[in-house]
Amino acid sequence: MIVEYESKQTPIHRLDPRAKFMWVVATIIISIIWTDPVYLFGLGVFTVIIGFMGDFPWPKMKGTFMFLLIVTAIITLIQGATYLPKVVWLANPERVAFYLIPRWIPVIGPAWPLRIGGLIYGICMALKVFVVLIAISVFGYVTSPSEVVQIIVRLPFVSYKSGFVVSAASKFVPVIQMQLATLRDAERSKGVDFDSGSFTEKVKKTTSMLVPLFANALSMADTMALAMESRAFGYSKNFTLIRPYQMQASDWLMVVFSVGGLVASIVCLAVFKLGAL
Amino acid sequence: MPLGQGALGLGVSYVLAGCYLLLMRLLGGILSSQYPEEHRIEWDTRTISRVTILAAVAGAGAMIKIPGPATTIALDAAAGYFAAAYFGWPVGATVAAIGTFLANALGGFASWFPMVPIYMCAMAFTVTIGVFVAKKTNIVFAIIVGTIVNTVTCLGPWVIMIGPALMIALLPSQIIGSAVNAAVGLTVAKALSSAQKHGKREIDEHIEPEA
């Protein structure tokens with residue numbers, strides 16, 4: 001996650017993880033189905049308000065926003081130059097806004113016209129990226145990783161073993177990283193320089209480090225299997241949760257608001273073309 | 001003509017991801033029936049713990065960076081190839097899918113979150129076809145096929161959504177990254193398999209027959 005979880009006593013932090021999950025899923029789906037930049041901007045503003053309610057640290061997003069701004073600007077220009085959507089509310093979407101290669105460049109100019117319809121569609125794509133980015137970042141900030149696993153485990157069609165695998169694997173990543181650092185130091189002590197040589201040599205050096213890493217991983221997996229079996233893992237298909245959640249009125253409000261908003265946006269788009277470009 | 005990043009473009013991409021899974025199941029079924037000892041898996045505690053640790057290796061592999069000619073290459077898919085070649089395609093496909101999820105989650109996947117399930121299906125299919133070709137021919141062909149399939153399956157949905165212009169720019173780094181991951185995963189699996197066999201033979205030679 002771009003912004004790590006912080007335990008705080010904000011109204012959004014206090015919500016049930018399922019309610020927060022419903023909100024983030026609804027926001028993502030709405031951002032996918034809407035193609036009107038005005039509507040997407042409104043959705044973005046609402047997501048930002050939720051972020052403020054959760055005391056989200058916006059300065060931490062500055063670098064990511066700057067990087068994405070460049071990426072989305074490129075996407076917008078490419079969309080504008082290569083794609084022309086059918087626009088519901090625009091009279092003449094094929095009208096040229098400007099040329100990427102301007103008129104004053106001799107021989108090749110003017111070329112690559114940027115059409116109004118494509119440009120608006122590009123802006124809409126950029127807004128989608130920002131809305132999803134903000135929604136997921138806010139969700140990651142107000143929901144602890146263990147709560148995310150609790151959500152996965154509680155999904156009706158997902159086995160609790162899947163939740164266990166995702167949860168345990170995410171906890172083992174730092175352990176594997178430590179092993180990698182040790183192996184890298186061991187290779188360096190033998191005189192291996194990972195930064196020098198051609199690309200093929202660098203790959204060979206890294207591969208030589210990965211053989212003991214995988215061998216260690218297999219031995220670790222066997223030890224873990226023994227530990228799991230000693231605790232009777234997989235004995236029963238029924239399982240209990242260490243932290244049972246209770247939905248409060250505010251949680252239900254968030255769920256109703258998210259699901260209601262999602263259904264309303266789908267209906268309005270299908271019937272009245274609201275949210276469509 | 002690109003379908004855009006809206007419901008239509010993403011919907012078609014998800015259908016494509018479903019096709020990857022169907023093809024994976026088809027190839028996996030052939031492997032399981034032809035090589036039952038290697039590719040028929042029982043989902044017991046040991047298998048689950050192996051999937052867990054190897055998915056963690058995939059997640060950590062995303063942070064192993066090799067400076068390449070086009071861009072820096074991360075070894076996030078190597079664990080999937082390794083698991084498919086060493087423990088069979090069901091383990092490999094699961095490790096590849098969960099590893100992709102973890103690698104994206106640790107890399108700050110917020111902005112491309114809707115694409116992550118498609119990548120997961122693409123990687124699961126890629127490692128299965130890779131190990132299928134390795135089994136039927138040799139590792140070199142498997143690396144070539146794995147690279148092509150990985151490139152097509154990962155960039156394909158983007159081509160459908162936003163057109164080929166941006167994807168052509170990403171092609172060299174994608175090809176090199178895919179090839180390195182396939183090569184590393186499959187060679188490490190082969191190295192460990194032969195080390196295991198060699199080790200067993202040595203032990204057998206050192207055990208003196210009872211009188």
Side-chain angles (χ1 to χ4, degrees), chain A residues 1-2 28 32-35 64 68 71 74-75 78-79 81-83 85 121 124-125 128-130 132-137 140 161 164-166 168-177 179-180 195 199 202-203 206-207 210-211 213-215 217-218 220-225 228-229 233-234, chain B residues 1-2 4-7 9-11 43-61 63-64 66-69 73 75 78-79 82 86 94 98-99 101-102 105-106 108-114 162-166 176 180 183-185 187-189 191-192 195:
Chain A
M1 286 292 175
I2 297 162
I28 290 169
I32 289 168
I33 61 169
W34 277 352
T35 47
T64 314
L68 266 184
V71 174
I74 294 167
I75 291 173
I78 289 173
Q79 292 281 352
T82 59
Y83 186 52
Y121 191 75
C124 150
M125 292 297 109
K128 277 174 196 273
V129 170
F130 275 99
V132 174
L133 172 78
I134 295 168
I136 303 247
S137 301
K161 288 176 183 173
F164 170 81
V165 169
V166 175
S170 65
K171 281 174 184 148
F172 268 103
V173 170
V175 179
I176 304 287
Q177 277 179 307
Q179 282 192 357
L180 258 172
D195 300 321
F199 175 64
K202 282 176 191 164
V203 172
T206 312
T207 310
L210 289 181
V211 176
L213 179 79
F214 278 106
L218 298 186
M220 204 195 291
D222 285 346
T223 315
M224 187 181 163
M228 284 159 68
E229 278 180 353
F233 180 86
Chain B
M1 184 165 166
Q5 277 174 282
L10 212 58
W43 288 97
D44 55 7
T45 313
R46 180 169 278 206
T47 311
I48 290 168
S49 69
R50 280 172 181 164
V51 169
T52 306
I53 298 292
L54 288 171
V57 172
M63 285 150 219
I64 308 172
I66 307 172
I73 289 152
L75 292 178
F82 170 81
Y86 202 78
T94 316
I98 297 173
F101 174 79
L102 280 178
L106 295 167
F109 65 1
S111 52
W112 60 92
F113 178 75
I162 62 170
L166 199 64
I176 295 165
V180 169
V184 168
T187 36
V188 170
L192 277 182

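Proteins get letters first, then strands, A, B, ... in listed order; numbering begins at 1 in each.
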Check each atom of Ser170(A) against the heavy atoms of chain B and say whether the ones under 4.5 Å are side chain, backbone, both or neither.
->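 Backbone plus side chain of Ser170(A), per the 4.5 Å heavy-atom cut-off to chain B.
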
Can you sort out the partners of Phe214(A) under ring pair (Phe, Tyr, Trp, His ring centres under 6.0 Å), two or more places apart, ordered by chain and number?
->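 In terms of ring pair (Phe, Tyr, Trp, His ring centres under 6.0 Å), with neighbours along the sequence ignored, Phe214(A) is linked to Phe82(B).
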
Which atoms of Ala58(B) come close to chain A, meaning under 4.5 Å heavy atom to heavy atom: side chain ones, backbone ones, both, or neither?
->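 Neither part.
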
May I ask you to name which of Leu210(A), Thr207(A), Asp222(A), Leu213(A) has the most heavy-atom pairs under 4.5 Å with chain B?
->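 Of the options given, most contacts go to Asp222(A).
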
Nearest heavy-atom neighbours spanning [X] and [Y]:
X: Met228(A); Y: Ser49(B); result: SD-CB, 4.0 Å
X: Val166(A); Y: Leu102(B); result: O-CD2, 4.5 Å
X: Ala56(B); Y: Ala169(A); result: CB-O, 3.4 Å
X: Gln177(A); Y: Ala60(B); result: CG-CB, 3.9 Å

Calculate, to the nearest 0.5 Å, the distance between atoms [atom1] and [atom2] belonging to [X] and [Y] respectively.
X: Met220(A); Y: Thr52(B); atom1: CE; atom2: OG1; value: 11.5 Å
X: Leu75(B); Y: Leu180(A); atom1: CG; atom2: CG; value: 9.5 Å
X: Phe233(A); Y: Ile48(B); atom1: CZ; atom2: CD1; value: 4.5 Å

Sequence-distant partners of Ala217(A), side chain to side chain contact (heavy atoms under 4.5 Å, CB included), two or more places apart |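 With sequence neighbours excluded, Ala217(A) shows a side chain to side chain contact (heavy atoms under 4.5 Å, CB included) to Ile53(B), Val57(B), given in chain and number order.
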
side-chain contact (heavy atoms from CB on, under 4.5 Å) between Val184(B) and Thr206(A), worked out = CA-CA 9 Å; Val184(B) 168; Thr206(A) 312; over 6 Å; no

side-chain contact (heavy atoms from CB on, under 4.5 Å) assessment of Glu229(A) paired with Asp44(B) = CA-CA 10 Å; Glu229(A) 278 180 353; Asp44(B) 55 7; 5.6 Å; no

Apply side-chain contact (heavy atoms from CB on, under 4.5 Å) to Met224(A) and Thr45(B), showing your working.
-> CA-CA 9 Å; Met224(A) 187 181 163; Thr45(B) 313; over 6 Å; no

